[in-house]
Amino acid sequence: MTLYHVINGLLRVNTYYLVNEQTGGAVLIDCGENLNTIRKTEKECGFKVKAVLLTHAHFDHSGCAKDLQEQGAKIYISKIDAPKLSNEDNLGSHFGRKNRDCVPDYTFQDGDELIVEGFKLKVIATPGHTDGSVCFIMDNIIFSGDTLFKESVGRTDFPTGDSDQLVKSVLKLLHLEGDYNVYPGHEEFTTLSHERKFNMFVEFE
Ligand SMILES: [Zn+2]
């Protein structure tokens, strides 16, 4: 497995690629909004996007999911956030983006184990940033979306956001056993051990 990372779109979303060298297929964690960025990486690195796993429905994370779906990729998102892909709760209309109907191929919920393109990822529900936000855990990696950032956390002032829930969700991550590399939806990478010491939400312990 090779893990690639690119920054995609106006709001600089971290898009992660899990590439299975044996099949040439890739799974994207949060595709971002700019299809050209994805196409360029596909070409340069010589793989094909087979699936997109979304941490939540906000347009900056999901914007080109529909385009990728039309080209054969399967779209995965939580059952709760699925309708937001096609309505204004994805915030796209606030940034001049047109809403497009995007019906996911698969939905998941807390505790589900996804096996996609040979990768095994566990879904952990982390509501707060949106009510359907999730993190994905794979081996010693957490893809934390807009729930947990380096020394910070996601906003809760968008539709379906809830600050009490976000506190619970962040603490749920911090209380996982052992250490993990944390790959968030924006900004720098971090580790769980670093966040246990320096995250702004530690005071809620
Ligand atoms: Zn978001």
Side-chain angles (χ1 to χ4, degrees), residues 5-17 27-35 37-38 51-69 75-104 107-110 121 123-137 141-174 182-190 195 199-201:
H5 161 244
V6 293
I7 294 173
N8 190 342
L10 178 73
L11 299 182
R12 299 180 57 78
V13 156
N14 288 325
T15 290
Y16 301 98
Y17 299 73
V27 177
L28 297 192
I29 313 290
D30 288 346
C31 53
E33 63 162 333
N34 190 340
L35 183 68
T37 305
I38 306 298
V52 177
L53 274 54
L54 297 168
T55 59
H56 64 297
H58 284 159
F59 83 101
D60 52 329
H61 295 252
S62 70
C64 73
K66 175 80 176 176
D67 301 294
L68 290 165
Q69 188 181 43
I75 309 301
Y76 295 67
I77 190 167
S78 74
K79 200 173 176 186
I80 299 170
D81 257 23
K84 300 185 188 75
L85 287 176
S86 310
N87 72 34
E88 61 185 21
D89 284 352
N90 66 42
L91 306 179
S93 57
H94 299 265
F95 288 82
R97 308 295 193 269
K98 276 205 178 113
N99 263 339
R100 303 167 67 192
D101 279 341
C102 181
V103 178
T107 59
F108 49 68
Q109 53 196 0
D110 187 38
L121 298 104
V123 176
I124 173 162
T126 51
H129 177 66
T130 65
D131 54 358
S133 285
V134 305
C135 298
F136 300 110
I137 296 185
I141 296 171
I142 301 174
F143 296 100
S144 66
D146 285 0
T147 298
L148 177 64
F149 297 123
K150 185 174 183 186
E151 298 176 21
S152 184
V153 297
R155 288 173 62 169
T156 55
D157 55 336
F158 299 127
T160 81
D162 182 316
S163 52
D164 290 338
Q165 288 218 299
L166 187 70
V167 171
K168 282 187 197 146
S169 292
V170 170
L171 293 181
K172 184 166 149 187
L173 294 177
L174 296 180
V182 177
Y183 293 145
H186 299 270
E187 307 282 343
E188 287 174 76
F189 310 148
T190 183
E195 296 313 306
N199 193 274
M200 62 201 279
F201 269 23

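All ligand and atom numbering here is 1-based and tracks the order in the structure.
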Nearest to the Zn ion (ligand 1), which N, O or S atom of [X] do we find?
X	value
H58	ND1
D146	OD2
H129	NE2
H56	NE2

Going by the angle between their ring planes, with limits at 30° and 60°, are H56 and H61 parallel, tilted or perpendicular?
->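 Because their plane-to-plane angle lies in the 30° to 60° range, the rings of H56 and H61 count as tilted.
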Over 60° means perpendicular and under 30° means parallel, so classify the ring planes of F143 and Y16, tilted if in between.
->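 Tilted: the ring planes of Y16 and F143 meet at 30° to 60°.
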Aromatic ring proximity H94/F59, centre distance under 6.0 Å |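 When the ring centroids of H94 and F59 are compared, they turn out to be at least 6.0 Å apart.
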Over all heavy atoms of both residues, which pair between L54 and F108 is shortest? Give the atoms and the distance, please.
->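 Nearest pair, atom of L54 first, then F108: O-CZ, 3.8 Å.
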